[in-house]
Amino acid sequence: MTRVVVLISGRGSNMEAVVRACESGEIDATVVAVIANRPDAAGLTFAAAHGIDAIVCDHTTYPDRNDFDLALANMLEELNPDWIVLAGFIRILGAELVQQFVGRMINIHPSLLPKYPGLNTHARALDSGDTQHGATVHFVTPELDAGPVIEQVSVPILEGDTADELAARVLREEHKLLVKALKRCVKGNASFTTP
Ligand code: GAR
């Protein structure tokens, strides 16, 4: 069985979508663990309630980024995942860790990359006067939010949208997009190639 580990930092609604798709058989894989870098990440409760190993790797307890990355890499190695899904994981990972898992680590980002890497994507799209926004699932590479795109979805920006309204509209599409992208990965239809 294909083994998936999901990394989260908070709410975990994208992780929930992945777990439900694996449980229903839509994705032919099992989520073997959910790892959060914050002990209070709400998604951990959902994971545990679904019989999934819910693990905390609290970045504040490590002296520096490198030590956190090493701890996380050790956890991941032990879990031996075929796929690692960053689903609302708000923490930059170092190049060494990324290289160790490159080609089997994917991320969901709330913008039409290459537009708006980083944070506050919804406000930035509104401030720029865009009429379309969206979300992207891509392979993780050492450069932030810059890896090869697997799937994208466009979402219209409506007159008078606030950042929160836009975020909610995008999030509904993110859930479907992440399931679609991971399904492709698991089926071997989204292989990583370096340019
Ligand atoms: C999602 O919108 C996700 O795309 C975003 O955080 C949110 C997490 O929601 N991720 C990033 O901004 C990563 N750069 P969730 O915890 O409910 O899935």
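For ligands, and for the atoms within them, numbers begin at 1 and follow the listed sequence.
The two residues Val155 and Glu173 come nearest to each other via the heavy atoms CG2-CG, 3.7 Å.
Listed by first and then second residue, the side chain to side chain donor-acceptor pair (under 3.5 Å) pairs involving residues 61-85 are Glu77-Gln100 (not counting sequence neighbours). Screening residues 110-165 for ring pair (Phe, Tyr, Trp, His ring centres under 6.0 Å), with sequence neighbours left out, gives His122-His133, Phe139-Phe192.
Partners of Phe46 under the ring-ring contact (aromatic ring centres under 6.0 Å, His included) rule, at least two apart in sequence or in another chain, are His50.
Side chain to side chain, His175 and Ser13 meet the donor-acceptor criterion of an N or O pair below 3.5 Å. Residues Asp58 and Thr60 have side chains that bring a donor and an acceptor to within less than 3.5 angstrom of each other.
In this structure, ligand 1 sits under 4.0 Å from heavy atoms belonging to Arg11, Gly12, Ser13, Asn14, Gly88, Ile90, Ile108, His109, Pro110, Leu171, Glu174.
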